[in-house]
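Numbered from 1 within each chain, the chains take letters A, B, ... in sequence-line order.
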Amino acid sequence: MINLFNIIPILLQAQTVSPSGVKERLLEGIFNVNINNFLVLSGLLFVIGVAGVLTRRNVIVIFMSIELILNAVNINLVAFSRYWFLQSEGKNAYMGEIFTIFVIVVAAAEAVVGLGIVIAFYRNKETVAVDEIDLMKW
Amino acid sequence: MLEYLFFFTAPTWFSSLPILKDYIDPMVLDYLVWPLVQIGLLLFVVLTLVAYLTLAERKISAWIQVRIGPNRVGPEGLLQPLADGIKLLLKEDLIPLKADREVFIIAPIIAMVAALVALAVIPWGAAWATISNIDIGLLFILAVSSLGVLGIILGGWASNSKYSLLGALRSAAQMVSYEVAMGLALIGALMFTKTLALQDMVITQERLHIWNILFQPLGFLIYLISGIAETNRAPFDLPEAESELVAGYHTEYSGFRFSLFFIAEYANMLIVSAIAVTVFLGGWYLPGLSYLFTPGSTFFVLASIGVFGLKTLALLYLFFWIRWSLPRYRYDQLMELSWKWMIPAALANIMLTATFLVLGQELALIVSQNNMLEISTLGYVFLISTAFIVTVPLTWIMLGQINKNSRDFNLREVQPLPMNRTINK
Amino acid sequence: MTEITDITHPEIDTNEMILNMGPQHPSTHGVLRVALKLDGEVVTDLDCDIGYLHRGVEKICEHRNYQMIAPYFDRTDYIAAVSNGLCYVETIEKALALEIPLRAQYLRVILTELNRLSSHLLWLATHALDIGAVTVFLWAFREREELLKIFENFFGARLTCHAFRIGGMTYDAYDGFQAEVKDFCDRFPKRLEEYETLLNTNRIWLSRTVGIGIISADAAIDIGLTGPPLRGSGVEWDIRKAHPYECYADLEFDIPYGENGDTYDRYLVRMEEMRQSRRIILQALEKLPDGPIMAPKAPKVVKPSIGEYYHSIESPKGELGIYLVSDGSTQPTRLRIRPPSFINLQALRQMSIGHLVADVVAIIGTLDIVLGEIDR
Amino acid sequence: MKLVGLEAVLFYLLAVVAILFAIFMITARSAVHSALLLISTLVATAGLYLLVHAEFVAGVQILIYVGGVLVLFIFVIMLVNAKEEDNKMFTRQLLIGGALTFFLGLGIIAILLQTQKGNFFTLASPAPPKIEQAQNNPNLSPSHNISQNTIKIGQELYTKTVLPFEIASLVLLVAIIGAVRLARERKQEKIYD
Amino acid sequence: MDLIWLIPILPLLGFLINGLLARRFNFSEKLVGGVAVATVFLAFVLSVTAFVNYSAWSKQPENQAKPYISKTLNYTWISGGKAFISSNTTPITPENSLVDLNIQWAYQIDHLSVLYALFVTFVGLLIHIFAIGYMHGQTGFGRFFAYLNLFMFMMLTLVLGSNLLMTFVGWEGVGLCSYLLIGFYMTHKEAAEASKKAFIINRIGDLGFILAIIGVFSTFGTLEYQEIARLVQNYPVEALGTFGIMSFIALGLFIGATGKSAQFPLYIWLPDAMAGPTPVSALIHAATMVTAGVYLLARMNFVFQRSLVMMLIIAIIGSLTAFVAATIAITQKDIKKILAYSTISQLGFMFLGCGVGAFVAGVFHVITHAFFKAQLFLGAGSVIHAMNNEQDITRMGGLKKYLPITHKTMVVSWLAICGIAPLAGFWSKDEILAKTFSTTLFHPAIGKMLWFLGFLTAGITAFYMTRLMALTFWSEQKFLGQTASDGGEEESNQEANKNIDQKNDGGSFKIRAVTPSTTNTEAISNTTEATTNDIGSFNIEESKDKAERINLNPPIVSALVADPKESPSIMTLPLIVLAFFAAVAGFIGLPVGYNWIETWLSPVINSFTLHAFGTVDIILALVTMAWSGTMAYAAYHIYVKNPHIAEDLAIKLKPFYQLSTNKWYWDDLLDVKLASLINKFNDLLGEADKHGVDAIPNGSALITRGVSILSGSMDRYGLDLLVNLTGWFTRAGSVLVRTFQTGFLNNYALVMVVGLVLIIIGLEYQAIQELYSQYFPAIPKIIATPAPK
């Protein structure tokens, strides 16, 4: 009988031997989805977030980029949480996830206050572009 | 991941269907075919149901308003939903010139998807009649339904129309506010079921031989009111108040996109009712049902689906009834109702429920172990009587005191009009 | 059209938004455009833009014979056509100093009061609809339908009812008219109670109407409000009592008046007025004498003597007055209508400022305006 | 921790979606589009959380992040009525920022790949612990077993980390009050003062 | 018995109800009082049941001498992770010195704390009832009872806490409540300052307590009493002359106890604390809070017993305090101040008892003292109430016939405090004295000396208490018709003057009797001589009105009433009950036969002066009693029979009299003398500066002037160039730096990212180099030295 679910694993479980060069290492990483892949993903999202902060003019979009950075961190935390769950047989396994929840909470608080400032600012200056916000007072 | 999404394997009669058994691997049957069959069946039933809910609403409103209602298309107007559907499909699909095209297109889809995804975890019946019974069932539904507001808000914004934007902003504020009260209202019941998984909630109620509404009358009331507000139904239909905002967020929508919003609204009603039934009214559990059929048997499951459906339909009828008999709240009153009444009441409900639970444990009427409650007969009496005699009046009095100075809910005493009987100038 | 003035303090910067309500809007009761100046959802200022339905009735009247003018009045306040017709006819009769027979008077009273009922029912329907109570709308239309059937039998028309002539009436009541009206009046109180069960103590209805659109008695008099809006503010002013016309002096009825001048009081006033109208109708039916329906001295060619005449009646909306300048010819030199809706509408701004958009809807409803009358 | 089979496919699907939408997000011209794309990224991330059996976090992510924070963002965007940005392409900022982030990315990837060479990630993964069997009820499907993730997180959250939890609540409270104070209009202040 | 957690929580509930809701919903006084009394009453009932249950429970063999820890409301309050401690076993290894810093929030009862809980709730209950009558009609009624209830909660937490930190919470809490309640009349300057004083002086003690807690933790690795009691067995007794860790802990604890129990150097706050309402004085500053120090001593007796030095210090300080406070009390005029000093003196007795190792006797005295002192305070309150807020006993007299119940009950307590057998005070005080006399801890001579001091104090106590009773109740009636300004003796101290000044501040009127319906004609004639007759009476009425209206001020106007009325029954009832207990409470600690309290407390406190009761004790007791009786009679003779003797004596013994009225100059020393000393020292320094040191600069100035001419020219042409150059560089540099401060957010973020990149490159250069060198050969390779393992 055909088991649809076994085809893909077979395809993906092609192990490379002795990862010595960069290419091999990359290949090995790609075919074994482990914590490293999560970390790379998280790193990429982080970098994208940083790029957003650096290049955008709209304060709100900058805020969103910061949320993206925090989200990248969260991926890290959750991945490590799972990793430790398996490594330590369940001891302290949920701390990463709990920390993630705290990060989300703090992100929410940050967004609330930040957006409050944006609204207050917009009411005075009618703009949300950072390059027009260059004075400490108005 | 898949085994987490689909916890339920196919019933034995399904796996033993001759055609399937011979040609398909049992694992594929369990994880792929059966869920797909379930999903397909559910979507078909729910969408048909939604369509007929519109008909039901028109018929019921007609009865309430001493009219006849649709009666031309098909026998007794039974084909009316079909005709409506065809009409909506064939209508011209307008996108305003200044609208944000992408968002305009995607908004109704978000609303619709958010409404339909939530159907996945609702326990429609015992055993195999549920697609998925996940650990975070209730949280999942709250999360997904919080996505629904995105559809509305984006649709309103993308239309680039003042009425739409106002409607969208109103509805966003309204849904966000009432979501708080709704979530809090459920917590009281969670203290009794001790799980977020919806099927397990029903099982708990079955095990305790009770409907949670008896423990949680206040929670149910708050949930129902918040649920009505959450689905933007009268008397909370501010986002689409036709006397003020024409049609609110979907003013600029027409044709099929409009019908997506429409279906989402009715599907949301269905979900709210289903959750109310699951959490407060015992889900598919009916006392005595297990005497009629063997638990777990196919007939039992079918009967449980029927019970669940009847309960849900009864609540849906309540929705219609309320809509056609009450006037509409004003916007600030609506917010006031949420923040000054519903949320404090829900908080008080949580506090009092917790107090009585702890008290019950102290008095050895209730035993809590292994994430389960064991309640003695006296415990039932204690919990139910405190819920009705203490929690409801106490909350009422407290809120009355707190909101003593509230502007809108302290109406002057209504006096009979004075009459002039003598004047004759 | 008045200029939208800035009533907010100049030092406060707010995000203002101009919202155009109408001219095509479900709750403006016709083609009325209300320009709302909003701060959030709070109305800081508003302006009414009228004239979308202007037909120049007053001007047309200057070029018509007195008999030819009468039907135009059915089309000003088309909801209360009978009252309008009555007002015109009485003005001319006053100018001619005509005495009309008693039976005609009683029939006129019955018909105008029935018309008042019909108008108030329509008001109730739309007012409730504006506030969101859809069912009341259809229930009120059920009763209105019965009334319209009577009208159709009597006048041959449902909306533009026209049966009054200068000097009396064109035709007498049809057979069974009294029985039908009696029948309706017997059924009516129960129906009224039904509406009141649905609304009177409904918390939502109360919170939408109590304290909304308050106007004090002084302010109401200053603006010139008449009818239920005036009585809702506590002024006991009803032309039927103050300057009785027709046979109102012989009939017993009360004038309800409010205390707080808010929407809820106006609602109660109108509901009570419906009861009082029913009382009048029953009395009139009882007293209805036999006799001619047309004054024998009624002239064929109407030529009022030179002078200025003013006559007003209590229409369902308020004081409906006609100011007539006659030069002795068969056509009026000037005919000016004092439409109650037009003047009542002036209170909208004062009532609405500080309230929310949703309240504006309720307030328009409570003013009970008809655009045909406002624009003329 | 190793994901194989369909899980691996799902991982790559979600990861690609997350990264692509993140890139689209920072390049979108309209703020509303940015928000929408960010929502997509966050939902994809929630999917990733599901993949590593962090169901509760996934739910919270959608409930709070998407349903709460992002709705707030969109709300504010609509309030301030942000115009579309005229992206001055190749401004100095864009150039420097792009170059820097490029280097940052290279650095991070280098670190990650370098550490992979050591034995940090090649520890043998023991079999995942058995999920507890639920109560034996004929009305549940025979293979019914349910993750204990929420229960465990709840237990840890209210025992070990109860102090941070309370602090987080306080932070939220302060944030709410602060935001209300910040966003209140002067006229409202006048009314309430 | 598991409901003991409710004992403190119930008053907390009362506090929450009264504190949060009373004002908002305008609770009636009955409701407020009812809530407060009901919660305390329930707590009392629970204490009784806990007492009964616990005595049964602890008799079971497996529970012998163990405290019962409540399972409800028991959780890890502070979980601090791992911490190193110095050691709790002799061989110090990393394993046994690493402990979990987990501090429980748990309520426990054992023999000591249940006893404390019993009398705290009981006395508290009675005082609550009394306060309903006393505080009637004052604003802040709800606030007052909320504070009282909060105090009860804190006191019970202090007593029932299972570890030092919980005790500390209660400790600080009662301090807070004391502060709040002393300053209850917050618009009254004196009260506000007294509350501040009490608070600040208590902080000195608290510092010691905190240090002791830290010491205990770093030594034993736990704060649970049970654990400490177990672990302390590993430590040797530190003999006289050695000062080890036990002594340090004991010193810290003792400093804490000194502050709270108003012992010698730190006692000055307690007399001032009498500015609070009288029930507060009775509850907090006589019966319960101030005995917390003794509780701490008894609770940690195992630690104290391991440091003989500290025992000696405690004994000495205790006896000194007792003596000094008693001598001060002789000459005081304010009825509450006398009682305050008496309290200090009695606390000194308790400390003395603890110091000589008789902890049981100390605790015993705490209990008896609680009854009779609370009774005395409440009696005083009743008197003050009747006298319309007059507190000066020299203006009272002859109240016996007006206040029969108050008088009778106070007589009982008077006898008790004087140590007349068989009332309560006799048993406890004489037990302390007997234990002191025969102590074996120190050299016998020390014990004898301490005993003698205590013996003297006992007599003085009898003297001043008799004086108080005499001047208040028995002597000639003095209050009728007297004006405030000419009342009192010529040598009235500053306090009294201040009072009078304040009274005269109000409206420059003379206070006089309002109703002439008295028999004392002399008084009336005095009154009529007084000027502004009508205005005076008017002003009194007005000021009464005002006082009622504002009511936050204690009505400072003491309109000397002609006809003092006995207090209402709600106030006299507690008096009677307390008097009863003041009479009989001593029987729980009979030295002969069955000494119940010693037996009861033996699992908690193992006193090591197990001195058998003998004839010496009987003789001592008889001597003490005779001495007290003599002194009492002397006082009676002086103040009732021949009032002129008092003035004669005051003149004759002027130095002693001065010493006493001025409170041994201790306050002055702190407040005035110390400050003036510092000022004088400053002046001295200033003089020295002006005359001695200034000569040097004057001389050098001449030289400088000469040199400056020389250097000026050099400066102008040489150094200015350098300065200008610096300026120029700065300006040039600022052009560069200024460009960085653009004010643009992105630029700042950019700098952050630059830093991030640099950090990554710096930290992981090798990794980057290795990975990218094949693509970018230009990346230089750094050979890192491998880190030593």
Counting heavy-atom pairs under 4.5 Å to chain A, which of [options] comes out on top?
options	value
D/Ile64, D/Leu173, D/Thr45, D/Leu42	D/Thr45
D/Val171, D/Leu72, D/Leu100	D/Leu72
D/Thr41, D/Val69, D/Val60	D/Val69

Considering only heavy atoms, which portion of [X] lies under 4.5 Å from any heavy atom of chain A: side chain, backbone, both, or neither?
X	answer
D/Ile23	both
D/Leu104	both
D/Gln155	neither
D/Phe56	side chain

Discussion item. Could you check whether any side-chain heavy atom of D/Ile153 comes within less than 4.5 Å of a side-chain heavy atom of A/Ile101, counting everything from C-beta outward?
Written reply: yes
Worksheet item: Would you say A/Ile66 and A/Glu110 make side-chain contact, with heavy atoms under 4.5 Å?
Response: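 Touching, per the 4.5 Å side-chain cut-off.
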Residue among [options] with most heavy-atom pairs under 4.5 Å to chain D:
options	answer
A/Ile104, A/Val50, A/Leu45	A/Ile104
A/Ile62, A/Ile117, A/Val106	A/Ile117
A/Val112, A/Val113, A/Ile119, A/Asn71	A/Asn71

Worksheet item: For the rings on A/Phe38 and A/Phe80, is their centre-to-centre separation under 6.0 Å?
Response: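 Not close enough - the centres of the two rings lie 6.0 Å or further apart.
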Item to complete: Against chain D, label A/Phe46 side chain, backbone, both or neither, depending on which of its atoms sit under 4.5 Å from a heavy atom there.
Response: side chain
Discussion item. Can you tell me if D/Phe75 has over 12 outside heavy atoms packed within less than 6.0 Å of its CZ?
Written reply: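 Count over threshold, so yes.
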